[in-house]
Protein chains: 2
Amino acid sequence: MEDQLTIGEVSRRTGVAASALRFYEEMGLIDSHRTVGNQRRYDRSSIRLISVIKAAQEVGLSLQQVADALSVLPHHRTPTKRDWSRLTTRWRSDLDKRIDELVALRDDLTNCIGCGCLSLRSCALFNSGDRAAAKGSGARYLVGDERPQTP
Amino acid sequence: MEDQLTIGEVSRRTGVAASALRFYEEMGLIDSHRTVGNQRRYDRSSIRLISVIKAAQEVGLSLQQVADALSVLPHHRTPTKRDWSRLTTRWRSDLDKRIDELVALRDDLTNCIGCGCLSLRSCALFNSGDRAAAKGSGARYLVGDERPQTP
DNA sequence: GTACAACTTCAAGTATGCTTGAAGTCAAGT
DNA sequence: ACTTGACTTCAAGCATACTTGAAGTTGTAC
């Protein structure tokens with residue numbers, strides 16, 4: 001065994017199915033080179049990359065978003081510390097935002113449990129349209145059933 | 001306008017498309033009754049329920065999971081405080097878990113940014129297989145590229 | 001009483017993220 | 001050399017979560 005991994009080895013080590021690895025390659029997320037007999041061989045660094053992909057998915061990014069993010073990495077040379085740093089810094093802020101959203105949701109839920117207000121119109125959970133709307137295009141996840149400024 | 005909402009009204013107030021509402025109904029997530037002319041009419045309380053569904057999706061639950069969770073609510077009578085409480089308490093712990101996972105991921109990512117270790121084998125991000133594995137069936141999101149106990 | 005938007009069902013289509021299967025090729029051990 | 005498991009491509013299939021479109025019906029406003 002040289003410093004090259006077969007798709008099976010990569011699959012076993014990452015827990016990602018071989019079919020998924022081929023799919024990722026097709027999507028441009030990872031790459032490999034071929035043996036004379038046309039079989040894929042992976043650098044060890046691919047394992048890292050795949051871990052990062054999985055982490056990003058965990059955060060809730062789509063493969064397309066991951067692909068976009070990865071495009072900041074130089075494809076033709078080994079990424080440097082700085083390259084990775086740029087990427088992970090970006091993701092960290094996505095992650096921060098996502099965590100904040102979930103924490104806000106948790107707080108609402110907690111209040112609602114405390115006050116039993118799911119049957120009440122004053123409940124934060126059901127009047128959080130403003131906060132959600134203020135967040136922008138995503139996350140309009142909660143909408144009140146009262147229209148504050150209507151007849 | 002009585003205390004009954006048309007599908008269009010519900011759609012506008014929740015931000016959920018009418019087609020999605022029909023879909024939810026088919027999935028057994030929500031229900032409605034019909035006019036003499038076979039059009040759907042919704043109780044105001046449906047808005048609440050739909051908000052809860054959206055919140056649950058935000059947390060990362062599938063519609064099936066939401067359906068399962070909602071099945072604890074009595075379908076034939078108006079849910080009480082206690083009923084809602086049971087549901088939201090359950091989700092809260094899911095949410096807590098999810099937040100913990102993301103926070104752990106963020107910490108790893110932060111460390112990795114600090115140390116630039118994405119090229120190093122000592123990196124927490126790439127050696128967190130144990131922690132991830134210990135979490136159970138979900139979330140095996142990070143796998144090291146070193147096999148600690150192999151030749 | 002008629003116009004017209006809003007509703008109805010049902011079938012098919014879309015996007016994402018893969019998996020499965022068929023049919024064939026490669027690599028490594030004996 | 002031969003076997004056998006691992007690999008290859010390509011097409012089709014699947015689950016989730018809907019959307020779209022066709023063809024027809026309802027409800028409200030004038």
Side-chain angles (χ1 to χ4, degrees), chain A residues 1-42 46 49-70 137-141, chain B residues 1-42 46 49-70 137-141:
Chain A
M1 192 217 283
E2 297 166 26
D3 209 30
Q4 297 296 315
L5 304 167
T6 66
I7 196 168
E9 284 162 344
V10 173
S11 174
R12 258 170 274 126
R13 293 196 188 183
T14 58
V16 174
S19 60
L21 294 174
R22 293 193 192 97
F23 181 74
Y24 291 168
E25 185 173 326
E26 215 179 315
M27 296 290 99
L29 288 167
I30 57 178
D31 59 355
S32 61
H33 44 270
R34 302 298 181 109
T35 61
V36 196
N38 198 37
Q39 294 196 355
R40 285 175 182 81
R41 288 299 181 271
Y42 295 88
S46 299
L49 184 50
I50 292 159
S51 295
V52 169
I53 292 167
K54 291 180 81 179
Q57 280 192 288
E58 227 0 75
V59 179
L61 299 181
S62 68
L63 289 183
Q64 189 50 63
Q65 290 176 302
V66 177
D68 293 347
L70 290 181
S137 55
R140 276 189 66 229
Y141 50 79
Chain B
M1 192 218 284
E2 299 167 25
D3 209 30
Q4 297 297 314
L5 304 168
T6 65
I7 196 168
E9 285 163 343
V10 173
S11 174
R12 259 170 274 125
R13 292 195 190 183
T14 59
V16 174
S19 59
L21 294 174
R22 293 194 192 97
F23 182 74
Y24 290 167
E25 186 172 326
E26 215 179 315
M27 297 290 98
L29 287 166
I30 57 179
D31 59 354
S32 60
H33 42 274
R34 301 298 179 110
T35 62
V36 197
N38 198 37
Q39 293 196 357
R40 284 175 184 83
R41 288 298 181 271
Y42 296 87
S46 299
L49 185 49
I50 293 158
S51 294
V52 169
I53 292 167
K54 291 178 79 180
Q57 280 192 289
E58 227 1 74
V59 179
L61 299 181
S62 68
L63 290 184
Q64 189 51 62
Q65 290 176 301
V66 177
D68 292 348
L70 290 180
S137 55
R140 274 191 66 229
Y141 50 79

Next item on the list: Describe the nucleic acid contact of Q65(A) in one word from base, sugar-phosphate, nothing, applying a heavy-atom distance below 4.0 Å.
Entry: nothing
Check: In whole angstroms, how far is the P atom of dG24(D) from the CG atom of N38(B)?
Finding: 17 Å
Checklist line | Any R40(B) side-chain N or O less than 4.0 Å from OP1/OP2 of dT8(C) | finding: yes
Margin query: Between T35(B) and dG27(D), is there a contact of a side-chain N or O with OP1 or OP2 at under 4.0 Å?
Written below: yes
Note to self: By nearest heavy atom, map G37(B) and A18(A) onto DNA chain D; which one lands nearer the 5' end?
What the structure shows: A18(A)
Notebook entry, point to check: Taking CG from D68(B) and P from dT16(D), how many angstroms apart are they, rounded to a whole number?
Noted result: 11 Å
Next item on the list: Could you walk me through whether L5(B) and R13(B) pass side-chain contact (heavy atoms from CB on, under 4.5 Å), step by step?
Entry: CA-CA 10 Å; L5(B) 304 168; R13(B) 292 195 190 183; 4.1 Å; yes
Note to self: With a 4.0 Å limit, can you tell me whether R34(A) has a side-chain N or O closer than that to the phosphate oxygens OP1/OP2 of dT9(D)?
What the structure shows: yes
Check: Rounded to the Å, how far apart are L5(A) CG and dA6(D) P?
Finding: 16 Å
Next item on the list: Please state how far atom CD1 in I30(B) lies from atom C1' in dC18(D), giving the value in whole angstrom units.
Entry: 13 Å
Notebook entry, point to check: 5'-most contact on DNA chain C: R41(A) or Y24(A), nearest heavy atom basis?
Noted result: Y24(A)
Note to self: For a quick test of reading the model, state the closest non-hydrogen atom pair linking I53(A) to L63(A) and the distance between them.
What the structure shows: CG2-CD2, 4.3 Å
Next item on the list: Remember a base hit wins even if backbone is also touched, and classify A17(B) as base, sugar-phosphate or nothing at under 4.0 Å, heavy atoms.
Entry: sugar-phosphate
Item checked: Residue whose closest nucleotide on DNA chain C lies nearer the 5' end, S19(A) versus V36(A) -> S19(A)
Item checked: F23(B) CZ to dC10(C) C1', straight-line distance once rounded to whole Å -> 15 Å
Check: Taking the side chain from K54(B) and the backbone from V16(B), do they hold a donor-acceptor pair closer than 3.5 Å?
Finding: no
Item checked: Value in whole Å for how far the P atom of dT19(C) lies from CG of L63(A) -> 11 Å
Next item on the list: Quick one: closest heavy-atom pair of I30(A) and L21(A), and the distance?
Entry: CD1-O, 3.5 Å
Notebook entry, point to check: Over how many whole Å does the gap from I7(A) atom CD1 to dG5(D) atom C1' extend?
Noted result: 15 Å
Check: Phosphate oxygens OP1/OP2 of dG24(C): is one of them under 4.0 Å from a side-chain N or O of Q39(A)?
Finding: no
Item checked: Spacing between L61(B) atom CG and dT16(D) atom P, to the nearest angstrom -> 14 Å
Notebook entry, point to check: How close do D31(B) and Y42(B) get, heavy atom to heavy atom, and via which atoms?
Noted result: O-CD2, 3.8 Å
Next item on the list: Return the 5'-most residue of the pair G8(A), A20(B) with respect to DNA chain D, ranking by each residue's nearest nucleotide.
Entry: G8(A)
Next item on the list: Look at the side-chain N and O atoms of R22(B) and state whether any lies under 4.0 Å from the OP1 or OP2 oxygen of dT8(C).
Entry: yes
